[in-house]
S.K.: 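Here you go, one structure.
Source: prediction; values computed, not measured. Each chain gets a letter, A, B and so on, in the order its sequence line appears, and its residues count up from 1.
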Amino acid sequence: MKSEPNVFSIDDLKASKTTYWSGVRNYQARNFMRDRMKVGDRILFYHSNVEPIGIAGMAEVVKAGYPDFTAWDPKDKYYDPASLPSKPVWYMVDIQFMKRCRSVIPLKRLKENPALKKMGVVQKGSRLSVQPVAPEEWKAILKFPEWD
DNA sequence: GCCAACGTTGGC
DNA sequence: GCCAACGTTGGC
């Protein structure tokens with residue numbers, strides 16, 4: 001899951017322990033949260049846009065997909081009149097802090113790793129803010145010393 | 001700050 | 001249903 005650290009960082013998650021992943025307004029990302037993510041699933045927390053760009057920590061799903069209520073609030077930045085409580089369009093999950101990397105695993109190093117060639121986040125133009133991680137990719141990422 | 005890549009919108 | 005125009009994302 002990608003986040004801009006100046007908006008919400010791994011340290012913010014560490015401080016709040018849990019959070020709801022609201023504001024996703026992309027159908028593909030929504031589908032992952034609504035249909036694929038289950039309680040206990042682990043998440044890589046990725047810092048985008050701001051140096052250092054890369055994986056900053058790990059979290060886990062503590063509540064599976066449910067309607068993103070921020071879409072119903074006209075004053076919310078992510079308000080979407082097309083989404084109704086009776087017929088929600090957008091979904092989110094709750095995640096809980098697990099681990100912070102000693103230092104961010106830079107995107108550059110992810111790109112250098114042959115096992116991560118196909119990983120979504122290293123592809124050019126990859127903009128999906130919630131995306132799956134293959135088991136082999138997960139294994140390779142856990143080997144980075146930044147987790148120690 | 002730039003700009004390529006992408007998703008969405010809306011006219012036809 | 002097509003596709004150009006537009007807005008956004010996000011690495012550099």
S.K.: To the nearest Å, give me how far apart NZ (A/Lys124) and C1' (C/dG11) are.
M.R.: 10 Å
S.K.: In whole angstroms, how far is the C1' atom of C/dG11 from the NZ atom of A/Lys111?
M.R.: 7 Å
S.K.: Decide whether A/Asp94 and A/Tyr66 meet the rule of one side-chain donor and one side-chain acceptor closer than 3.5 Å.
M.R.: yes
S.K.: A/Glu137 and A/Lys118: salt bridge (charged side-chain N to carboxylate O under 4.0 Å, His left out), yes or no, with the steps?
M.R.: CA-CA 9 Å; A/Glu137 294 164 355; A/Lys118 288 184 180 166; over 6 Å; no
S.K.: Between A/Arg25 and A/Asp68 (salt bridge meaning N to carboxylate O under 4.0 Å), is one present in this structure?
M.R.: yes
S.K.: In terms of heavy-atom contacts, does CZ of A/Arg36 have more than 12 from other residues, nucleotides or ligands at under 6.0 Å?
M.R.: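 At most 12 heavy atoms, drawn from other residues, nucleotides or ligands, come within 6.0 Å of this atom.
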S.K.: Once each nucleotide of nucleotides 2-10 of chain C is scored for protein heavy atoms under 4.0 Å, what B/S/- sequence comes out, 5' to 3'?
M.R.: -----BBBB
S.K.: Could you check if a side-chain atom of A/His47 sits within less than 4.5 angstrom of a side-chain atom of A/Ile10, using non-hydrogen atoms only?
M.R.: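 Of all side-chain heavy-atom pairs linking A/Ile10 with A/His47, at least one is under 4.5 Å.
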